[in-house]
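Step one of this worksheet: look at the structure below.
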Amino acid sequence: MHLYGTQSVNNLGHLTIGGVDTVDLANIYGTPLLVYDIALFRERAKAFKETFKKAGITAQVAYASKAFSSIAIYEVAKQLDLSLDVVSGGELYTAVAADFPRERIHFHGNNKSYSELQYAFDEKIGCIVVDNFLEIEWLKQISESRKEKMNVLLRVTPGVHASTHDYITTGQEDSKFGFDLKNGQADDAFLKLYNHPFLTVLGMHCHIGSQIFETDAFRFAAEVLMEKMVEWREKFKFVCPVLNLGGGFGIRYTAEDKPLQPAAYVEEMENVVLSMTRKHNYPLPEVWIEPGRSLVGDAGTTLYTTGSTKLVPGLRTYVAVDGGMSDNIRPALYGAKYTAVSANRMMDPHSDKVTIAGKCCESGDKLIEDTYLAEPVEGDLIAIFCTGAYTYAMASNYNRLAKPAIVFCEDGKHQLVVRRETYEDLVKLDIPLQQIESENVK
Ligand code: LLP
């Protein structure tokens, strides 16, 4: 049984997280419940920062908050002096609500709206990562009309095809993101921005995909961008002060996943940057990274209560839980694999082969197929590990299921940071029929 971070088993045979008994958490807050091990988040963040320090590289480690956005996690990121990557007005609003230092906010997105860009100017954020030509025109309009400055990075696609799920690769040429490096688009975008009186080009950004284990892909992307930087110095006399190499560092969901320590991927990139800058006598740029999953993924655990079980003789036993694809779409969407334990009976042999099913009206709503738990009994507490990234962030109210509550645990203390949705919440946007009457309704 593989435990993560501060997870442990207490003398009652219960799983603990951050020194807190998960059975107590379930009793206090109900289930499904997403529990974060905040010490693990801190450890990961510190490891990323440390690796840059060791290499003598000035850096910004930006939490890619699309993985999990909430006021409280932004507050922890602020405590750790992280920067923040936001991808929408909504995430920016959440960062503002957390009073996140604006100069450390970076705004991403392949189709930012005019009003989102204006909002970024209103808040005087640190940097906008420009993704397309329309955005360049809009940024010019906004900055010129306000006579206000803004830092920009150019998102480029380095032509790297990393092996991960097709939906989450982004660095290949056939991508909706960024400017192509090879066909001249990136050069055109640069020239449209270079020497603009209000827009300051800081450099380039790339992100090659998510849940990537291959160091080669990260090294190659860093090389391609460094080569372009050298070319731009020759062609345009421009020296990039910043190189942003994105996120994407893979984590261990199951025993099949064999990632390096997250910071080890960054070391690979650092080596490329250090050797290429030496080789080309290029001033060492600031290096920025944007980890999301590798900061919060294994820090999150979802607790569910079991309900019915169904035996399909000769085939499988379904154990149904009180959540499902509405709070974790990843198994249904990507075929993502997870591991689970019987959190209230950790000492019992986990020898019953079961399939953990959700409660949504879809046959495909299975959280884990063929896993081993203690013999399931109604009311058991099941913990699914590594659910900290892209679960709550992608949750829905399918079947009008309410979204779970979220709790942070650390040093034996726990705090509710997102309350559970209620039935009232579920109808709060609904407007009862008032004026539309049909002749045909009789
Ligand atoms: N930077 C950019 C520009 C990104 O697009 C992303 C993720 C990240 C950083 C953070 O990547 P990470 O370190 O978390 O791998 N919903 C999918 C993942 C989508 C990733 C989107 N972009 C999933 O559940 O696997």
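Each ligand, and each atom within it, is numbered from 1 in the order the structure gives. Values reported hereafter were calculated over all heavy atoms of this structure, with side chains retained and with hydrogens, waters and symmetry mates removed. No experiment lies behind these values; they were computed from the predicted model shown. Numbers here simply count residues along the sequence, with the first being 1.
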Counting heavy atoms not belonging to K78, are there more than 12 under 6.0 Å from its NZ? yes

Can you give the donor-acceptor pairs under 3.5 Å from side chains of residues 49-56 to other protein atoms, not counting sequence neighbours?
residue	atom	partner	partner atom	Å
K49	NZ	L80	O	2.8
T51	OG1	E270	OE1	3.1
T51	OG1	E270	OE2	2.9

N-O pairing of D122 and R146 below 4.0 Å: yes

For D85, atoms of ligand 1 separated by under 4.0 Å from a heavy atom: 1 (N), 9 (C)

Within-cut-off N or O pair, G292 and ligand 1, under 3.5 Å: yes

What part of F177, side chain, backbone, both or neither, has a heavy atom within less than 4.0 angstrom of ligand 1? neither

My understanding is that we take every heavy atom of each candidate and find the minimum distance to atom 8 (C) of ligand 1. Doing that for H106, H207, Q211, which one comes out nearest? H207

Against I128, only a single residue in L199, L153, N151, L139 fulfils side chain to side chain contact (heavy atoms under 4.5 Å, CB included); can you say which? L139

Applying a heavy-atom cut-off of 4.0 Å, say which part of I212 lies close to ligand 1: side chain, backbone, both or neither. neither

Identify, by atom number and element, the atoms of ligand 1 in contact range of E290, meaning under 4.0 Å from any of its heavy atoms. 1 (N), 2 (C), 3 (C), 8 (C), 9 (C), 10 (C), 13 (O)

Here the atoms of ligand 1 under 4.0 Å from any heavy atom belonging to A64 are 8 (C), 9 (C), 10 (C)

Taking only non-hydrogen atoms of P291 and a 4.0 Å limit, the atoms of ligand 1 in range are 13 (O)

Relative to ligand 1, is S210 under 4.0 angstrom through side chain, backbone, both or neither, heavy atoms considered? both

Would G248 count as a contact residue for ligand 1, given that I'm defining contact as a non-hydrogen atom of the residue lying under 4.0 Å from a ligand atom? yes

A389 heavy atom under 4.0 Å from ligand 1: no

Taking only residues two or more places apart in sequence, or in another chain, which ones meet S363 in a side chain to side chain contact (heavy atoms under 4.5 Å, CB included)? none

F238 six-ring face occupied by R233 cation (under 6.0 Å, within 45°): no

Option with minimal heavy-atom separation from atom 4 (C) of ligand 1, where the choices are R155, R293, K66, H108: K66

Do the side-chain N and O atoms of T6 and D37 include a donor-acceptor pair separated by under 3.5 angstrom? yes

Can you confirm whether the side chains of Y29 and R419 place a donor and an acceptor under 3.5 Å from each other? no

